[in-house]
Participant: 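Mind looking over this structure? Questions follow.
Only this structure's heavy atoms are used, side chains among them; waters, hydrogens and symmetry mates stay out.
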Amino acid sequence: MILNKQSNETITRRTDEDGVIFMSIKNDEEQHTSFLEDDVTILAIESSCDETAAAVVKNGREVLSNVISSQIALHTVFGGVVPEIASRKHVEKINTCVRTALAEAKLKLSDIDAIAVTYGPGLVGALLVGVSEAKALSFATGKPLVGVHHIEGHICANYIEYKELEPPFMCLVASGGHSHLVLVKDYGEYEIIGQTRDDAAGEAFDKVARAIGLGYPGGPKIDAAAREGNPDAIIFPRAKTTEKSYDFSFSGLKSAVLNYLNQAEMKGEEVNKNDVAASFQKAVVDVLTEHSIEAAKEYGCNKIAIAGGVASNTSLRERLSSECKKAGIDFYCPSPVLCTDNAAMIGAAGYYEFKKGVRSGMELNAVPNLPLGNRERKYHGRSSN
Amino acid sequence: MKILALDTSGLVCTVAVTEDDRLLSEFSIQHKITHSELLLPMMEQIRDKISLDLDTVDAIAVCAGPGSFTGLRIGLATAKGLCLALEKPLIAVPTLDALAYNFYGSDCIICPMMDARRSQVYTGIYSFVPEKENDGQKEFTYKMKTVMEQAALSVEEIAEKLNSIGKKVILLGDGVPVYRDKLEKLLTVDYTCAPSHMNRQRAAALAELALIYLKKGKTVDTDSFSPEYLRASQAEREAAEKKKKNTASIDKDSVLIRDLKAEDITDAAQLEKASLNKEAWTEAQLLEASTRDDTVYLVAEKAGRIVGLCGVRNISGEGEVTNVSVAADCRNAGIAGRMLEILLLRAEKIGCRDFTLEVRAQNSPAIALYERLGFKSEGLRKGFYTEPADDAIIYWKRKTKDD
């Protein structure tokens, strides 16, 4: 049992025979109050990448249970997530996750008001496991089904951490597959202000980590190495796409790091990995921070939130926090466990979709490149209401 | 008994509900492969048209594999969800068995084959044998006999097997149109290709077999059940081939002692299992132990293979040597000695002063090694080991003032 003192989470961990780590996250502060007539309790399922997860969330903000089955150890060998292996594990773990989530919330399926599930973006084979399970649960119980966008889930993790947070706010979403600057206009209303033109931030972390021999997953490895290094040792270029654009580009930066390493090798110079990690990380953090602050100012937001796996990067959290302070902007960052892929965030997003009347039909399919916000009706399938 | 059966393992999305010897409904679509969009709406249709109360279903049946990897998972995840919500048992029928069952009662050899790509088919060989409950009766039933269990084979291999049986064959499944020309050349026995109403997966046939399974109590665990893919993922196959290549080029006799890594866990656990049987550590135990900061775990690698494993855990200055094992074919080559020497040095760096371990009293080669390394017997645990029963000798290697 590991107690995360900062946010009062108790994480119970167990490693299964096959190397999959099963985690149950409990928030010690959360008081499980009685249920009122208007309460909406959602069972949420997430399986878009290499984490199988289920959670029960009340009224979008109160997490009654949060269960994650993480396969990271299985993919480390391959230096990245192998979709087929991920999908195989999902189908083995999904029922256990759902069952545990219900049991820990001390609820039965019949107590649930709706079932929310991530249907994109993500790995199609992985998504399909969660979507199929959720549809079957919905079909068998008659409970409404709500398809949720994975990134909107990440954004909504902030609602769980900060009960008082309400839109509008600017949200920086950075993860292995995504780098977006999103204006959250209202619950369930998103406008993309900027996005990556090439690699996602997390992808750049993974590639650079591999190049300097730190291994997978790159984010935490670089974060740790950077703490031992000098962030000003090497000046890597900060890619500005064009004036007045909040888009990101990380492939140039990644190439610059690779060039640096190649040149050092050709000259026979020893590379200080920690310095490379720290300097690279600073370049990424600089761009992410600058764009977030500038966008918040331009759109008149006095709140900035972060979301996604890269949001657990300590340097990014520190920089954004101090820059926000300077600019008089409130800064919101969910605890690291809410930044990783989890189902509680899907339950939060699902709640606001549910309140808006969104219902997915039984033909709901996985959509691997589902766009954020302004989704076409067809993606939700026929409404059952 | 009522069975809800579904199959999305191949080109057909098919659902059926049977009640004893009555097929209440069957719905199959072989159009585009959009099983995820079709399956649940098809079930909704059936439920509505036959006013099915899902709670009255006795079991959910699904194809256990092989088949399209994604297709199998759509079917299984759906079946698992239904089982969880309805609290019903899950029956998993091998895909090829269910396909063959389309030909209940045939005198021919039945050979279903599904296209498995990479010049292979998922296939099996079946026949039907008549059986009477008692000799006086005229009525008999056919029992399906598995002549060859389902497997992934090349068309040449399956043709050769069919030729060696030498009987008339009925071919069916989506592999038939793909390899028809090849089969015509390869087969020496007479064969026929099944017509459209019987040549693909049918949930009704699956339900029929599932009923037999259910009566025998042959259900699977709804939570942990995983399909029979008959094939590793591409990444795993490539990794295995790469490993093979790498090992071929290095010196066969050199043994490398290095830290245990996550990717060694499976091999290390197998090594433990092979040499220690019941006392062996599981993958989970090894993974947990090797990722702690108060342990040192080393492996011996020879020609890309893990042939030795040892580990120590620091318990307030006392290093408990928890594992020592060497592959049977690599013993008496000094591997254990080399591993332990390095292990003890490394353990000192994480604060171990003294070392202790237990050894089977009968294991004289190990005892000789420990004594050579400076371990001294300090006690005996009577009957500590089982299978075979043995005493444990407790050894200590204590740091003396001179050290």
Participant: Please confirm whether the backbone N or O of A:V91 pairs with a side-chain atom of B:K80, one donor and one acceptor, at under 3.5 Å?
Facilitator: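 Yes.
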
Participant: Within the structure provided, determine whether B:E236 and A:I85 are in side-chain contact (heavy-atom separation under 4.5 Å).
Facilitator: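 They are in side-chain contact.
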
Participant: Taking every non-hydrogen pair under 4.5 Å, which of B:A239, B:S36, B:A269, B:A284 racks up the most with chain A?
Facilitator: B:S36

Participant: How long is the gap from CD1 on B:I265 to CG on A:L74, to the nearest 0.5 Å?
Facilitator: 11.0 Å

Participant: Against chain A, label B:M43 side chain, backbone, both or neither, depending on which of its atoms sit under 4.5 Å from a heavy atom there.
Facilitator: both

Participant: Can you tell me if CD on B:Q30 sees more than 12 non-hydrogen neighbours from other groups inside 6.0 Å?
Facilitator: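 It does: B:Q30 CD has more than 12 such atoms within range.
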
Participant: Quick one: pull up CD in B:E37 and CG in A:L364 and give me the separation to the nearest 0.5 Å.
Facilitator: 9.0 Å

Participant: Rounded to the nearest 0.5 Å, what separates atom CD1 in B:I74 from atom CG in A:N365?
Facilitator: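 Interatomic distance, B:I74 CD1 to A:N365 CG, rounded to 0.5 Å: 7.0 Å.
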
Participant: Who in residues 10-19 of chain B is close to chain A, using a strict under-4.5 Å heavy-atom cut-off?
Facilitator: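 Answer by number: none.
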
Participant: When only pairs under 4.5 Å are counted, which of A:K135, A:K108, A:R88 shares the most heavy-atom pairs with chain B?
Facilitator: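 Between A:K135, A:K108, A:R88, the count favours A:R88.
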
Participant: Do the side chains of B:F225 and A:E92 get nearer than 4.5 Å, heavy atoms only?
Facilitator: no

Participant: Which pairs with one or both residues in residues 217-226 of chain A pass side-chain hydrogen bond (donor to acceptor under 3.5 Å, both in side chains), sequence neighbours excluded?
Facilitator: A:D223-A:T314

Participant: Of the listed residues (A:A136, A:S132, A:C97), which shares the most heavy-atom pairs with chain B below a 4.5 Å separation?
Facilitator: A:S132

Participant: Please state whether the side chain, the backbone, both or neither of A:T76 comes within less than 4.5 Å of a heavy atom of chain B.
Facilitator: neither

Participant: Under 4.5 Å from any heavy atom of chain B, what part of A:F78 do you find: side chain, backbone, both or neither?
Facilitator: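 A:F78 touches chain B through side-chain heavy atoms alone.
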
Participant: Under 4.5 Å, counting heavy-atom pairs only, tell me which of B:S226, B:A79, B:G75 racks up the most with chain A.
Facilitator: B:S226

Participant: With a 4.5 Å heavy-atom cut-off, do A:R99 and B:T222 have their side chains touching?
Facilitator: yes

Participant: Given that the side chain runs from C-beta out, which part of A:V82 has a heavy atom under 4.5 Å from chain B: side chain, backbone, both or neither?
Facilitator: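 Contact with chain B: side chain only.
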
Participant: Looking at B:L72, B:T266, B:L40, which has the largest count of heavy-atom pairs under 4.5 Å with chain A?
Facilitator: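 Ranked by heavy-atom pairs under 4.5 Å with chain A, first place is B:L40.
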
Participant: Select, from B:L84, B:T70, B:T78, B:L39, the one with the greatest count of heavy-atom pairs under 4.5 Å involving chain A.
Facilitator: B:L84

Participant: Thinking salt bridges, do B:R73 and A:E84 make one under a 4.0 Å N-O criterion?
Facilitator: yes

Participant: When heavy-atom pairs shorter than 4.5 Å are enumerated against chain B, which of A:G130, A:S87, A:S138, A:A134 gives the highest number?
Facilitator: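 Option with the greatest count: A:S87.
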
Participant: Which atoms of B:L287 are under 4.5 Å from chain A, going by heavy atoms: the side chain, the backbone, both sets, or neither?
Facilitator: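 Contact with chain A: side chain only.
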
